[in-house]
Amino acid sequence: MDELQELYREVILDHNRKPRNFGELPGANHVIDAVNPLCGDKLTLYVNVADGRVEDIRFKGTGCAISVASSSLMTERVKGQTVGESLALFEKVHDLLTGAVEEPPEDLDKLAALAGVREYPTRVKCASLAWHALKAAVTEHDDAPVTTE
Ligand code: ZN
């Protein structure tokens, strides 16, 4: 098993077992429902954006290990970041998941583990679901639901 696959396994297991920032966020100014019908992943993302920054972020939902772990990793990483930084991160993760870039950029840190999902193409949408919800939360104004289809 190469390094990336090992990291993938470790990080996904850890974040699936103990999801960070799990639960509702009372007073969130963006609430996004997201579904991945292909796998049955469902999540609700609660984001509080203030002064152009992700002040707080939480999620709840049910789904496969990859969708839960990716949501957990995403919330852990973007909490406290600016909207611009969050969107830049979305692009990097998106490029990584879709194979647009081969090697994970170094600043992705733990998120590089998500590259492991490329070995399982049907799971890419599981991993990207939370990130699409994040993008919707910080860019859309009507908080329309997100679906991978
Ligand atoms: Zn899934």
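Computed from a predicted structure; not experimentally measured. We count ligands from 1, going down the list as the structure has it; atoms in each ligand are counted the same way.
- Protein atoms that are N, O or S and lie under 2.8 Å from the Zn ion (ligand 1) are these: Cys39 SG, Asp41 OD1, Asp41 OD2, Cys64 SG, Cys126 SG.
- Salt bridge status for Glu24 with Arg58: absent, with no side-chain N to carboxylate O gap under 4.0 Å.
- Among all heavy-atom pairs drawn from Asn21 and Lys79, the shortest one is OD1-NZ, 3.1 Å.
- A salt bridge links Arg20 with Asp14: the closest approach of a Lys/Arg side-chain nitrogen to an acidic carboxylate oxygen falls below 4.0 angstrom.
- In this structure, Gly63 and Asp41 approach most closely via the heavy-atom pair CA-OD1, 3.4 Å.
- Salt bridge annotation for Lys92-Asp107: present, with a cationic side-chain nitrogen under 4.0 angstrom from a carboxylate oxygen.
- Two rings, from Phe59 and Phe22, have their centers less than 6.0 Å apart.
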